[in-house]
Amino acid sequence: MSAMSDSRITSVSTEARVFPPPAAFAASARIGSREAYDAVYARSIQEPEAFWAEQAQSFHWFTPHERVLEWQAPHAKWFVGGTTNLAYNCLDRHLAGPRADATAIVFEGEPGDVVRYTYRELHAEVCRLANALTQLGVVAGDRVGIYMGMVPEAAMAMLACARLGAVHTVIFGGFAAEAIRDRLNDAGAKVVLTQDAAWRRGGQVPLKAQVDRALADVPSVEHVVVLQRMAEAPALGERDYDWRTLVAAQSAEHEAPALDAEHPLFILYTSGTTGKPKGVLHSTGGYMVGTALTTRHVFELRDDDVYWCTADVGWITGHSYVVYGPLCNGATVMMYEGAPNHPAPDRFWELIAKHKISILYTAPTAIRAFIKWGDEHPQRHDLSSLRLLGTVGEPINPEAWMWYREVIGGERCPIVDTWWQTETGGIMMTPLPGSIPAKPGSCCLPFFGVSPKILRDNGEEAEPNEGGLLVIDKPWPSMLRTIWGDDERFRATYFSRFEGKYFTGDGARRDADGYFWVMGRVDDVVNVAGHRLGTAEVESVLVAHEAVAEAAVVGRPDELKGQALVGFVTLKGGVTATEELRAALIDKVSADIGKFARPDAVIWADALPKTRSGKIMRRLLARLAAGETELGDVTTLEDAAVLASLRDREGEDE
Ligand code: WT7
């Protein structure tokens, strides 16, 4: 694609085109005009407690809240005194109504096997699994690890934990043993739910084997429940249970307990600026109200929709917009197990035509891959069932946005570019499809109750179109409550840069129409193919190698992945830099963290450029890494003089 260039990450033309909501959307939407949006938004900001109290009414509460919000920055409590159960709201609540026998989940495996669950069936499965977990000794407040692929049982596992009040921590199936070990240990998990293997590009990705490796060093785990996905029954050890045998023996009845609105719901680990991933903690009531309300409005969900969010349940998007938000709304959710290009690059389009998918929510990185694979693949399929498209995870370049609109959406589907984070729990900025004109590359306007600001370093508000730091200056229901086991880090990371305001870590600007344009991270977090990685995490793997003295990892722009990782490595005295060593370092990252965290390049350096206080000058290295094409093949560059000369330039810039 010649239209793509490195500018796509930051390309934010101020004269962007504007795409008004399609008339059909505006006519039937819950919020059908800009005026309607403005009125609801204004009320949500001026009278947040009244607004959220009203929103909370569409859920089942065992006891109503006494106060809507207690806010003592950085700690928020929402729906104080209320009790509810998120799994009850996702399942039981629908059994009395018209959605009871509607499809809750339609699953297609990579080999083409299809399984459907109605709400009634899903409810029964979740109850059985909740009973099974109870039999294994799991009680409210216990932590349960989930390391699975994209199978319906992964959603059941989450819902069963939520039902019991057990705190799940889902670990993305792409993480390797050491990353699993660290997360399970940090959470103190008692039970792990996993599967033998998952299908990916025609091959079997072993999951149970990674768990076994990880568990050699996780004393808290007592039991492992293993779902058999493959033909051959997996070998089970002493603490292992076969999922289906265990579950089949259970009653399909289970009474959902009333849990406090602030009962911890899940821990999801995400990358930060230090090597240790942060256990982002979400709680029950606020997360439920926030994710369900955003799902309803952002996707303008209807009962006849078949909704497909392509994210993995191992990431926040999978939590909020595959499982909890859509199921709370009684939606029909598509889950697909495998790769988008297996057996051919048209697999997604085949799935859309076959299952008559009407809402597609995916990542810009996937869209850029589809562009590269060629228009003939989507064009071969009937995509007329689609009525709305969404993107999430990274800035989308206007070229990719236009392609999505024309080639996938047939110019009739609105596109919602949704900005949010693991920490925010739910969508924070987005156009609403029936009321807000979209600008390609902009996540447009804040959702109800969200108060974003662009600040200068000194805390003053930036002028229109002036780049600055993106903060949220008021609490919102689905915000993270703390970092598991490290409340001080929670405060320091998010609420210390600007006292009492949530700092997102993103740079952004707001244009003259009030539209937000997110440029990307301003911290040492890199977004690789929509996956958030801490450079320090990868560095700590590299320096753990016996040959390495020092390492610095930075992101560089990448046409397909948005950003790619580049590692600068200095070796210990007497060690020779060889191709084998380079490969060994990259393999170590795969083995310890996971394949998706592999650096694209490892550059040998005699020394790393440092400030006088000894801090590695990462921004300088990032510039060096970004200039790779001009510099020729820097992967073989061994010359610290290049770094030294850049160091002088860095001095001039600042
Ligand atoms: C970071 C959060 C949101 C769930 C998936 C990622 C970037 C996310 C957008 C968007 C520009 C975006 C930000 C953010 N990001 N969505 N629509 N436009 N940037 O969650 O792993 O917590 O990453 O992803 O940089 O801070 P995450």
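Heads up: numbering here begins at 1 and tracks the sequence. Order of listing sets the numbers, starting from 1, for every ligand and every atom in it. Only this structure's heavy atoms are used, side chains among them; waters, hydrogens and symmetry mates stay out. Here the structure is a predicted model, which means the values were calculated and not measured.
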Next on the checklist: Just to be sure I understand the cut-off, which residues have at least one non-hydrogen atom under 4.0 angstrom from an atom of ligand 1?
Outcome noted: Ile316, Thr317, Val392, Gly393, Glu394, Pro395, Asp417, Thr418, Trp419, Trp420, Gln421, Thr422, Asp506, Val518, Arg521, Asn527, Arg532
Checklist entry - Can you list the residues that meet the salt bridge (Lys or Arg N to Asp or Glu O under 4.0 Å) rule with Arg510, with sequence neighbours excluded? => result none
Checklist entry - Between His282 (side chain) and Ser478 (backbone), is there a donor-acceptor pair under 3.5 Å? => result yes
Item to check | salt bridge (charged side-chain N to carboxylate O under 4.0 Å, His left out): pairs with one or both residues in residues 262-272, sequence neighbours excluded | outcome: Glu262-Arg481
Checklist outcome for this item: Residue set satisfying side chain to side chain donor-acceptor pair (under 3.5 Å) with Tyr307, at least two apart, ordered chain then number -> none
Checklist entry - Between Phe348 and Trp373, does the ring centroid distance fall short of 6.0 Å? => result no
Checklist entry - Have Tyr287 and Ser320 got a donor and an acceptor in their side chains that come within less than 3.5 Å? => result yes
